[in-house]
Amino acid sequence: MAKTARRDTAVRDRADDVDDELDAPRPRKLRAGAGGRWWVGVGRVLLWAFVIVVIFNGIWFPIRNGFSLPTSAAEPEVTETVQFPETAAAAFALRFADAYLDTADPETRQAALATFVPEGQAGQLNLPADSLTGENLTVIAVEVHDEYNAVVVIRADVNGEAMSLEVPVYSDGSSLVLSGGPALLAAPARAELPAAPSFDQDPQVAEQLEGVLTGFFEAYAEEAGHLDRYVELGATVTPLPANSVEFVELSDITVPSQSSTGDDDVRQVATAVVWALPSGDAGEGTGEAGQMVQNYLVTVVNSGNEWYVRDIQGAPHSFGG
């Protein structure tokens, strides 16, 4: 009986152990490689995407460029700009006009004109002997029509009258020739001079400058060694040639006010100077005792306590008072 009881107790104990094992959670068995397999999938997707992009671009870009090339990418052709040789044409036309207006010897004239016109055309420029004379020839304009053609305008005294001679000139880039006969026209008309611009004047500064400018013009004409005394430091004023004129007086001084110039230290002074010509040089256009009046625009600067000359030039509008 005792053996039977111990056996039953052992059987119950094993049964309880089995139940405990069944009730306890079972550990999940991991499959080999399951932890990194999803990274492999992602890598394959990225690789195939890269391959597809490369293949697409390799096929599409050449096709796109073949269908349409952007116009902005094309570089413009570099072409050399050819300009009409104005200086050479002016000299050429002036020499032609000198020969054309000299009719004293028709045969010599004909031979000279042949060098300026196309072969066989010189006969069209024949004129009777002594029919034209030309003096004081000057080029006053070159009217360029294009890179091959221009008209040179020459001012001349023709038979004693002021006229213009227009000469058409053709250039092939290296040579010149007349493209047609010249044309005599009236000289440029005389313009109507407008009134001089008005401005406020500064009589007080004009009084201060009278002595300064008197000394300056005396040195300017007669005592070049003293000129630096009146010229601003760093400025350069070239004196008149020795014994060309003698200073007489300032006949007028006009000084703009500070409000006119915007700078109280720098003024442009309009002045008229009376010069005396050396003995024997008096002539037409000079006043009493061989004197003449010249008009200047003198730039002066105030150093703080004294005025100095910075520049001198001819005065515009001296007739427009």
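Nothing here was measured: the structure is a model prediction, and the numbers come from that model. The analysis underlying the following values was restricted to heavy atoms, covering all of them including side chains, and did not include hydrogens, waters or symmetry mates.
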Output for pair (Gln294 CD, Leu240 CG), nearest 0.5 Å, gives 9.5 Å
Legend entry - Sub-6.0 Å ring centroid separation between Phe116 and Phe92: yes
*Between Val153 and Met163, is there a shared hydrophobic cluster once you connect ILVMFWY residues whose side-chain heavy atoms come closer than 4.5 Å?*
no
Open item on the list: Determine whether a donor-acceptor pair (N or O, by modelled atom type, separation under 3.5 Å) exists between the side chain of Ser257 and the backbone of Asp202.
Closed with: no
Exercise for review: For the pair Phe199 and Thr254, evaluate side-chain contact (heavy atoms from CB on, under 4.5 Å) and give the outcome as yes or no after the intermediate values.
Suggested key: CA-CA 10 Å; Phe199 51 83; Thr254 303; 3.7 Å; yes
Exercise for review: State, without any angle test, whether Gln204 and Glu207 hold a side-chain donor-acceptor pair at a distance under 3.5 Å.
Suggested key: no
Taking the side chain as everything from C-beta on, heavy atoms only, tell me whether Leu94 gets closer than 4.5 Å to Ile154. yes
To the nearest 0.5 Å, atom CG of Leu113 lies from atom OH of Tyr100 at 8.5 Å
Report task. Begin from the C-alpha positions of Met292 and Val245 and carry the test side-chain contact (heavy atoms from CB on, under 4.5 Å) through to its verdict. Result -> CA-CA 10 Å; Met292 65 178 181; Val245 291; 3.8 Å; yes
- Message: With a 4.5 Å cut-off on side-chain heavy atoms, are Ser164 and Pro188 touching?
- Response: yes
**Request:** Would you confirm whether Ser251, through its side chain, and Ala272, through its main-chain N or O, come within 3.5 Å as a donor-acceptor pair?
**Result:** yes
Paired with Leu127, the side-chain contact (heavy atoms from CB on, under 4.5 Å) test is passed by just one of Leu101, Asp102, Leu132, namely Leu132
- Query: Mind checking whether Phe217 and Tyr296 have ring centres under 6.0 Å apart?
  - Reply: yes
Sub-4.5 Å side-chain heavy-atom contact between Tyr220 and Val237: yes
Margin query: Under a 3.5 Å distance rule, please check whether Thr271 uses its side chain to pair with a backbone N or O of Ile253 as donor and acceptor.
Written below: no
Report task. Please answer whether the main-chain N or O of Thr299 pairs with a side-chain N or O of Arg310 as donor and acceptor at a distance below 3.5 Å. Result -> no
- Message: Between Glu222 and Phe247 (side chain of the first, backbone of the second, donor and acceptor by atom type, cut-off under 3.5 Å), is there such a pair?
- Response: yes
From the list Val309, Val298, Val269, Asn302, side-chain contact (heavy atoms from CB on, under 4.5 Å) with Leu209 holds only for Val269
Quiz item: Are any non-hydrogen side-chain atoms of Leu125 and Pro182 less than 4.5 angstrom apart?
Solution: yes
inquiry  = Can you confirm whether the side chains of Asn136 and Asp157 place a donor and an acceptor under 3.5 Å from each other?
reply    = yes
d(Glu143 CD, Glu166 CD) to nearest 0.5 Å is 5.5 Å
*asked:* side chain to side chain donor-acceptor pair (under 3.5 Å) for Thr133 and Asn159? Distances and angles first, verdict last.
replied: CA-CA 5 Å; Thr133 59; Asn159 292 347; 3.3 Å; yes
- [ ] Side-chain contact test, heavy atoms from C-beta onward, threshold under 4.5 Å: evaluate it for Leu227 versus Phe216 and give yes or no.
- [x] yes
Between Trp275 and Gln291: side-chain donor-acceptor atoms closer than 3.5 Å: no
